[in-house]
Amino acid sequence: FVREINEYASEMVFGYEFKAGPKTIWLLWTLDGYDHAITLSQVPSAVWDELGSSILMDGTLLTIQGLKTYYVDWGTKSG
């Protein structure tokens, strides 16, 4: 565990950041169970839901649907 992700709180999206070796993974969900779109700072390496299904993104726009949990793989980051 690295930190809580609260920079999307105004969009009702919350999460946690984890490091797995050199990889950075975000776990995101909505706070109210409704669909919410957020704009990420860059395009991630991959995004998938709690069932392992790949999520297609439109650039940096990610729509988190209802009660689903999303995993955002940022790939390898230095530092």
> At their closest point, which heavy atom of Ile64 faces which heavy atom of Lys68, and how far apart are they?
Replying inline: CG2-O, 4.1 Å
> What is the minimum heavy-atom distance between Ala37 and Glu11, and which atoms define it?
Replying inline: O-CG, 3.8 Å
> Do Trp29 and Tyr16 have their ring centres less than 6.0 Å from each other?
Replying inline: yes
> Above 12 or not: heavy atoms from other molecules or residues under 6.0 Å from CG of Leu67?
Replying inline: no
> At their closest point, which heavy atom of Gly59 faces which heavy atom of Val43, and how far apart are they?
Replying inline: O-CG2, 3.7 Å
>> Go through it in stages, so that I can follow the logic: the residues are Asp49 and Gln65, the test is side-chain contact (heavy atoms from CB on, under 4.5 Å), and I'd like the CA-CA distance, side-chain angles, deciding distance and then a yes or no.
In response: CA-CA 10 Å; Asp49 66 15; Gln65 298 177 340; over 6 Å; no
> Can you tell which of Phe1, Phe18, Phe14 makes a side chain to side chain contact (heavy atoms under 4.5 Å, CB included) with Leu27?
Replying inline: Phe18
> Which atoms form the tightest heavy-atom contact between Val72 and Pro44, and what is the distance?
Replying inline: CG1-CB, 3.5 Å
> Take atom OH in Tyr34; do more than 12 heavy atoms of anything else shown fall under 6.0 Å from it?
Replying inline: no
>> Show the nearest heavy-atom pair for residues Trp74 and Ser45, with the distance to one decimal.
In response: C-OG, 3.6 Å
> Okay, side chain of Glu50, backbone of Thr69: is any donor-acceptor separation there less than 3.5 Å?
Replying inline: yes
> Looking at Glu17 and Trp26, what are the two nearest heavy atoms and their distance?
Replying inline: OE1-NE1, 3.1 Å
>> Treating Asp35 as the side-chain partner and Gly66 as the backbone partner, does any N or O pair qualify as donor plus acceptor under 3.5 Å?
In response: yes
> Are the side chains of Leu62 and Val13 in touch, meaning some heavy atoms are under 4.5 Å apart?
Replying inline: no
